[in-house]
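The chains referred to below are lettered A, B, ... by the order of the sequence lines, with proteins before strands, and numbering in each begins at 1. What you see is a predicted model, and the numbers here were worked out from it, not measured in a lab. The basis for the numbers below is simple: all heavy atoms, side chains too, and nothing from hydrogens, waters or symmetry mates.
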Protein chains: 2
Amino acid sequence: MVLIDRPEAANYSLPEITNRVILGNALEVLKKIPAEAVDTVFLDPPYFLQLPKKELRRWTVNTVVEGVDDDWDKFGSFEEYDEFICRILTEVKRVMKPQATIWVIATYHSIFRIGKIMQDMGYWILNDVIWAKTNPMPNWLGVRFTNATETLIWAVKDRRAKKYTFNKELAREFGIGKVAANIWVLPICNGSERLKDGNGKKLHSTQKPIELLRRIILTSTREGDVVLDPMAGVGTTGYVAQALNRNFIMIEINPKYIEGIMRRFQQPLQLTLPSA
Amino acid sequence: MVLIDRPEAANYSLPEITNRVILGNALEVLKKIPAEAVDTVFLDPPYFLQLPKKELRRWTVNTVVEGVDDDWDKFGSFEEYDEFICRILTEVKRVMKPQATIWVIATYHSIFRIGKIMQDMGYWILNDVIWAKTNPMPNWLGVRFTNATETLIWAVKDRRAKKYTFNKELAREFGIGKVAANIWVLPICNGSERLKDGNGKKLHSTQKPIELLRRIILTSTREGDVVLDPMAGVGTTGYVAQALNRNFIMIEINPKYIEGIMRRFQQPLQLTLPSA
DNA sequence: AGCAAGTATGAATCGGAGA
DNA sequence: GTCTCCGATTCATACTTGC
């Protein structure tokens, strides 16, 4: 894995950034990428959780839930959040090929805002896909339903885009029942897959599971395609793309996460390609 | 079942409309209902792009700009839909008690717009609940995932509302696993439950299943509560509410559907109340 | 070594009363 | 709006410890 750290760069050529991770702010880096360059986008933005200041304590073991308290999830208001989302989606749209598709993931905290903004920008939603978690954290005060799902929006740039990639047979394997249903049941990322920092704590608050990206890439890309992840975190997208013979471009602003990516790629992921 | 058909009415008292269905336009009828009158709302709005234009326009008041047919597929249509949703949610909010909760159901065509509008209006989302259909209509073209879900948004009027009703133990029965998960797996409305017209065709295109309303009412209301459905269709909400010893107020503009409601209530639904 | 018991933790908008 | 204090509250999974 090669890191690109040239903040002074004017523009990037596609070859020089393919299968690379670029250190920098997605909004600025994206502007330097050629138009209509990528086949698929996976976007995992901050969810703007607005967690209460009050700590949530497990009374039986007297420990505190370490919720998402990262600076990258802090916004002053919905308006501020909306503007951020809108700017990212504008830059992303420019670098998408005409037939490219985009995946965006979030929870109820923000997925509705994102979806409406996408529609208003002209993106055409193909599906919502529900990630049903087998092991969510329960709501133990019993004041709400346990939030066991995240929602993915799968869309094209424009209503007129038709010949996008969809591997129906693989989609049938992943969904529930015999139809290619829009529900994926899989566990959250934990155990040895979860990257840790020097103190054994999780390196990233919200690392996405390999299996989730495997399903996204297999259903919506072909071998040799270029997958873009503008907010790569610890790089699950590129890690899985490489294992499935896809190309990738990742952008990440946090050196701590970049370090995790570099460490991860030293042991390439092994995945069997479907015979089809 | 008593029908209220008094378009000339000034204002309604709560007793005179409780356990009744009111014939009329929801936007106008809601204005005649006292403020802070209901405990729970179930809103099943038109699903954008699934109804012909004239069907949607019947709901809108003073918003139709003539001669913009060419723009119907673009932003103009979204705006008109948004305004309709905003108006309904404004009237609904007024008649909700401070601790009342609201359920809104839709598919990806419109749920994102609705959710953002709700947030922008100050509604505070408690959960999204995913209705996973056991018997969805397959997507034969194979160009998308089969749409096997609908999304429900469950919300309170305001972020500060706390003492809303949530029957945790019942929610645990309905969800998947032991946690009260936000996923309900149940079939679409079919068979003898589905109301038919004189020609044996389905009377309503999107009749909601009894079981869906049973779960909504049992998890989020108490006996004696008032449940409001401003766009009642063939009246599943009131039909289930009555069987569970809840009160209801239904509004419906289409006499054909009202007729279905009247017919339905002649054979009251039998449901066992949970012993709790 | 293997099995059992104990411990840790997850994108969480998670309470209420009173000062 | 803040703050403090009181009290009731969780499951699936993976890892660690102990025998």
So, OP1 or OP2 of C:dT13: does either fall under 4.0 Å of a side-chain N or O from A:R113? no
What's the gap between C:dA1 and D:dG18 when it is taken at their C1' atoms, as a whole Å value? 14 Å
Contacts of A:L141 and A:K53 projected onto DNA chain D by closest heavy atom; the upstream (5') one is A:K53
Starting the side chain at C-beta, find the nucleotide from C:dA11, C:dC14, C:dT9 nearest to A:P52. C:dC14
Base, sugar-phosphate alone, or nothing: which one does A:S205 contact when heavy atoms must sit under 4.0 Å apart? sugar-phosphate
Can you tell me if CD on A:E259 sees more than 12 non-hydrogen neighbours from other groups inside 6.0 Å? no
With a non-hydrogen cut-off below 4.0 angstrom, is B:K168 in contact with a base, only sugar-phosphate, or nothing? sugar-phosphate
Evaluate salt bridge (charged side-chain N to carboxylate O under 4.0 Å, His left out) for A:R215 paired with A:E211, printing each intermediate quantity in order. CA-CA 6 Å; A:R215 294 185 182 195; A:E211 177 63 17; 2.8 Å; yes
Does a donor on one side chain and an acceptor on the other come within less than 3.5 Å for B:T151 and B:D128? no
Please report the shortest heavy-atom distance between A:Q266 and A:P268, naming the atom on each side. O-CD, 3.4 Å
Note, B:L126 side chain near B:Y164 side chain (heavy atom, < 4.5 Å): yes
Taking the P atom of each, how far is C:dA12 from D:dT4, in whole Å? 25 Å
Ignoring hydrogens, what is the shortest heavy-atom contact between A:W154 and A:T165? Give both atom names and the distance. CZ2-O, 3.7 Å
Expected output check: what is the dot-bracket annotation of DNA chain C, where ( ) and [ ] are pairs inside the strand (brackets for crossing ones), | is paired with another strand, and pairs are Watson-Crick or G-U under 3.5 Å? .|||||||||....|||||
Donor-acceptor pair between A:Q50 and A:Y81 side chains, under 3.5 angstrom: no
May I ask you to say what B:N127 touches in the nucleic acid, namely base, sugar-phosphate or nothing, with a heavy-atom cut-off under 4.0 Å? nothing
Does the ring center of A:W184 lie less than 6.0 Å from the ring center of A:W103? yes
May I ask you to verify whether the side chain of A:T60 and the base of D:dT10 hold a donor-acceptor pair under 3.5 Å? yes
Answer syn or anti for D:dT16, where the cut-off is 90° from 0 on the glycosidic torsion. anti
C:dT13 and D:dC6: how far apart are their C1' atoms, nearest whole angstrom? 24 Å
I want to check a possible cation-pi pair here: A:R113 against A:F78, using under 6.0 Å from ring centre and within 45° of the ring axis as the test. yes
Mind running salt bridge (charged side-chain N to carboxylate O under 4.0 Å, His left out) on B:R172 and B:E169 for me, showing each step along the way? CA-CA 5 Å; B:R172 290 163 68 109; B:E169 293 309 318; 3.7 Å; yes
Contact class for B:L126 (heavy atom, under 4.0 Å): base, sugar-phosphate, or nothing? nothing
To the nearest angstrom, the CG-C1' distance between A:L203 and C:dG10 comes to 16 Å
Taking the six-membered ring for Trp and the single ring otherwise, decide whether the centroids of A:Y257 and A:W72 are under 6.0 Å apart. no
Pick base, sugar-phosphate or nothing for A:W72, based on heavy-atom distances below 4.0 Å to the nucleic acid. base
Using a heavy-atom cut-off of under 4.0 Å over every strand shown, decide if A:I188 touches base, sugar-phosphate, or nothing. sugar-phosphate
Report yes if a side-chain nitrogen or oxygen of A:Y108 is closer than 4.0 Å to either non-bridging phosphate oxygen (OP1 or OP2) of C:dT13; otherwise report no. yes
Quick one: sort the B:F145 and A:F166 rings into parallel, tilted or perpendicular, breaks at 30° and 60°. perpendicular
Quick test: give all pairs of protein nitrogen or oxygen and nucleotides 17-19 of chain C nitrogen or oxygen below 3.5 Å, distance rounded to 0.1 Å.
residue: C:dA17; atom: OP1; partner: B:K163; partner atom: NZ; Å: 3.1

Pick the P atom in C:dC14 and in D:dA12, then give their distance to the nearest Å. 23 Å
Give every pair of a protein N or O atom and an N or O atom of nucleotides 11-16 of chain D that lie under 3.5 Å apart, one pair per line with the distance.
residue: D:dC11; atom: OP1; partner: B:R172; partner atom: NH1; Å: 3.1
residue: D:dC11; atom: OP1; partner: B:R172; partner atom: NH2; Å: 2.7
residue: D:dC15; atom: OP1; partner: A:S192; partner atom: N; Å: 2.9

With a non-hydrogen cut-off below 4.0 angstrom, is A:P45 in contact with a base, only sugar-phosphate, or nothing? base
From the list C:dG10, C:dC14, C:dT13, which nucleotide is the closest neighbour of the side chain of B:W124? C:dT13
